[in-house]
Amino acid sequence: MSKRILVTGGAGFLGSHLCDRLIGEGHHVICLDNLFTSQMLNIAHLEGRENFEFVRHDVTEGFRFDVDEIYNLACPAAPGHYQYNPIKTMKTSVLGTMHALGLAKRIGARVLQASTSEVYGDPDVHPQPESYRGSVNTIGTRSCYDEGKRAAETLMFDYWRVHKVRIKVVRIFNTYGPRMHPYDGRVVSNFIRQAIAGESVTIYGDGNQSRSFCYVDDLIDGLIRAMETPDEFTGPVNLGNPVEFTIRQLAEHVVRLVGGSVQIELARPLPEDDPKQRCPDITLARRVLQWEPKVPLEAGLKRTVDWFRSVNLSDYTAPTPNY
Ligand code: NAD
Ligand code: UDP
């Protein structure tokens, strides 16, 4: 059945892929975005489609649409982006989620919150199951994002308990793929952009910190499966690839894929509160969503490298000077 669906942050990296999938499935999509960290380029191919609407709006201000489902993705996600205006980042997470929930309450829509593995902070449990409560610094430079997302989860569960809003909380782990902002400063986009330009790839710290990287198509599949679960299922549920790599291994993969004589450089110390390891326990997603990532790192990186080679980098403006 065709649904009306609101995607906040719909012009961003994940949001634009989600809009593609939902439109492909025959739904009517309203994409709401203030274009802080994205560009119209990501959704240009959807313009003119009769089941697609773009609305330029900031989620810190209220919004009202008549929809069946809300995917709340609006929030800067890369450290350089969310640290640029940390107070605004906190407002976006908290007020944006409150506005999405207020709307869901009024119209009876389902709402899915794009939470994050950052709610686990620099974890001392490994891999991280949903029951782990995290080790998060409340006063550091990452706190605006981590604590904003934690407060957003609290709001989700209070609206569920108090107002019976039908909620889904998904905790997304590092995801990569085409349409990542080339100047977002995240590790995959930095390494690929640097390697293609023939520059050294810049490792922060000793490169032994770990992450697990999920290809965007897998992640979008998980988001849609989570939204379609029965009302009793609220999450939180981890979505990410459980195969873990050190940042040094990632650098070696990228250098090999791009080819040429690219050097790996230990560029600077590890940033403040940078988690030393991160890997999702996806037992719950496997059981409830029948979901697990299918695209191995090598194949996903190749598609991402191909995309980076195909775009004109001068079409992208860096949203902040901090990339
Ligand atoms: P992104 O920066 O590409 O997308 C975020 C979108 O939100 C952008 O289009 C941006 O312009 C928009 N936005 C930001 N502030 C806004 C505001 N105040 N009002 C309206 N729109 C606003 O990042 P992404 O990687 O696509 O992340 C999407 C969501 O997924 C975010 O909520 C992020 O926290 C979450 N997430 C992503 C990852 C990942 O690895 N990509 C991991 C964990 C969580
Ligand atoms: N990182 C790196 N070189 C870069 C960018 C990032 O070594 O050019 C490191 C960063 O310090 C972190 C990891 O890669 O340890 C992942 O960083 P990213 O910003 O992509 O995501 P997050 O820290 O939010 O997982």
Side-chain angles (χ1 to χ4, degrees), residues 6-15 18 32-38 57-63 70-104 111-123 128 130 132-161 165 167-175 181 184-186 219 223 226 234-240 271-275 278 280 319-320 322-323:
L6 174 65
V7 181
T8 78
F13 161 50
L14 297 182
L18 179 61
L32 183 154
D33 204 297
N34 71 352
L35 300 179
F36 169 41
T37 58
S38 56
H57 182 81
D58 193 308
V59 293
T60 60
E61 306 287 338
F63 44 89
I70 304 167
Y71 287 86
N72 188 36
L73 271 60
C75 187
H81 293 173
Y82 66 67
Q83 289 165 3
Y84 175 66
N85 187 344
I87 298 165
K88 177 67 190 274
T89 298
M90 179 69 90
K91 282 186 183 171
T92 296
S93 265
V94 174
L95 296 178
T97 305
M98 209 181 274
H99 290 144
L101 283 162
L103 176 62
V111 56
L112 178 144
Q113 169 65 5
S115 191
T116 168
S117 53
E118 293 283 331
V119 301
Y120 301 123
D122 189 3
Q128 295 84 54
E130 290 83 355
Y132 175 55
R133 293 185 181 179
S135 166
V136 184
N137 180 359
T138 58
I139 57 171
T141 53
R142 292 175 85 103
S143 310
C144 60
Y145 182 72
D146 302 7
E147 296 292 1
K149 289 285 188 179
R150 285 169 68 97
E153 288 200 6
T154 307
L155 280 167
M156 293 286 286
F157 278 80
D158 283 335
Y159 269 76
W160 171 67
R161 276 186 288 263
V165 171
I167 62 157
K168 312 286 172 191
V169 174
V170 299
R171 293 181 178 157
I172 304 170
F173 285 63
N174 296 59
T175 302
H181 197 298
D184 67 9
R186 287 190 260 199
L219 195 276
L223 291 183
T234 55
V237 58
N238 289 338
L239 291 180
E272 182 189 338
D273 292 332
D274 197 288
R278 185 188 288 152
T320 74
N322 303 340
Y323 69 88

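In this chain, residues are counted from 1 in sequence order. Being a predicted model, the structure only gives us computed values, none of them experimental.
- Across all non-hydrogen atoms, the minimal contact from Thr89 to Pro76 is OG1-CG, 3.9 Å.
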>> For Leu223 and Leu239: C-alpha separation, side-chain torsions, deciding distance, then whether side chain to side chain contact (heavy atoms under 4.5 Å, CB included) applies.
In response: CA-CA 8 Å; Leu223 291 183; Leu239 291 180; 4.0 Å; yes

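- No donor-acceptor contact under 3.5 angstrom links the side chains of Asn137 and Ser143, judged on distance only.
- Side chain of Asn238 to main chain of Gln128: a donor-acceptor pair is present (N/O by atom type, distance under 3.5 Å, no hydrogens or angles).
- When side chains are defined from C-beta on, Val111 does not count as touching Thr97, because their heavy atoms never get closer than 4.5 Å.
- Residues Met90 and Tyr82 have side chains not in contact (no heavy-atom distance under 4.5 Å, counting atoms from C-beta outward).
- With sequence neighbours excluded, the residues satisfying side chain to side chain donor-acceptor pair (under 3.5 Å) with Tyr132 are Asp124.
- Here the side chain of Asp33 pairs a donor or acceptor atom with the backbone of Ala11 at under 3.5 angstrom.
- Partners of Asp146 according to the side chain to side chain donor-acceptor pair (under 3.5 Å) rule, which considers only residues two or more places apart in sequence or in another chain, do not exist here.
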> Which is it for Met156 and Trp160 under the side chain to side chain contact (heavy atoms under 4.5 Å, CB included) test, yes or no, and what are the steps along the way?
Replying inline: CA-CA 6 Å; Met156 293 286 286; Trp160 171 67; over 6 Å; no

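- The distance from the OG atom of Ser115 to the CD atom of Glu130 is 11.0 Å, given to the nearest 0.5 Å.
- Summarising the local packing, CZ of Arg133 is surrounded by 12 or fewer heavy atoms from other residues, nucleotides or ligands at distances under 6.0 Å.
- No side-chain donor-acceptor contact under 3.5 Å links Arg171 to the backbone of Pro236.
- The side-chain contact (heavy atoms from CB on, under 4.5 Å) test applied to Arg150 returns Val119, Val136, Glu147, not counting sequence neighbours.
- Ion pair Arg142/Asp122 not flagged as a salt bridge, since none of the NZ, NE, NH1 or NH2 atoms sits closer than 4.0 Å to an Asp/Glu carboxylate oxygen.
- Gln113 places no side-chain N or O within donor-acceptor distance of the main-chain N or O of Glu153, the cut-off being under 3.5 Å.
- Of the possible donor and acceptor atoms, none in the side chain of Ser93 sits under 3.5 Å from a partner among the backbone N and O of Lys91.
- Residue Val94 comes nearest to Leu155 through the heavy atom pair O-CD1, 3.6 Å, listed as atom of the first residue, atom of the second, then distance.
- Listed by chain and number, the residues in a side chain to side chain donor-acceptor pair (under 3.5 Å) with Arg278 are Ser117, Glu118, Asn174 (sequence neighbours excluded).
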> Taking it one step at a time, do Leu14 and Ile172 satisfy side chain to side chain contact (heavy atoms under 4.5 Å, CB included)?
Replying inline: CA-CA 11 Å; Leu14 297 182; Ile172 304 170; 4.2 Å; yes

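- Ring geometry for Phe63 versus His57: interplanar angle over 60°, hence perpendicular rather than tilted (30 to 60°).
- Taking the side chain as every heavy atom from C-beta outward, Cys75 and Lys149 approach each other to under 4.5 Å.
- Closest non-hydrogen pair, Leu73 versus Leu18, comes out as CD2-CD2, 4.3 Å.
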>> Applying side chain to side chain contact (heavy atoms under 4.5 Å, CB included) to Phe36 and Thr320, what does each step give before you reach the verdict?
In response: CA-CA 9 Å; Phe36 169 41; Thr320 74; 4.1 Å; yes

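- The heavy-atom pair separating His99 from Val59 by the smallest distance is ND1-O, 2.8 Å.
- The CG atom of Leu101 lies 7.5 Å from the CG atom of Asn72; values are rounded to the nearest 0.5 Å.
- Minimum heavy-atom separation, Lys168 to Ala226: CD-O, 3.3 Å.
- Using a 4.5 Å cut-off on side-chain heavy atoms (C-beta onward), Leu103 and Leu6 make contact.
- Contacts of Tyr159 classified as ring pair (Phe, Tyr, Trp, His ring centres under 6.0 Å), with partners at least two apart in sequence or in another chain: His163.
- Across Ala74 and Thr8, no two heavy atoms sit closer than the pair N-OG1, 3.0 Å.
- Under the rule for a side-chain contact (heavy atoms from CB on, under 4.5 Å), the partners of Pro271 that lie at least two apart in sequence or sit in another chain are Tyr204, Asp274.
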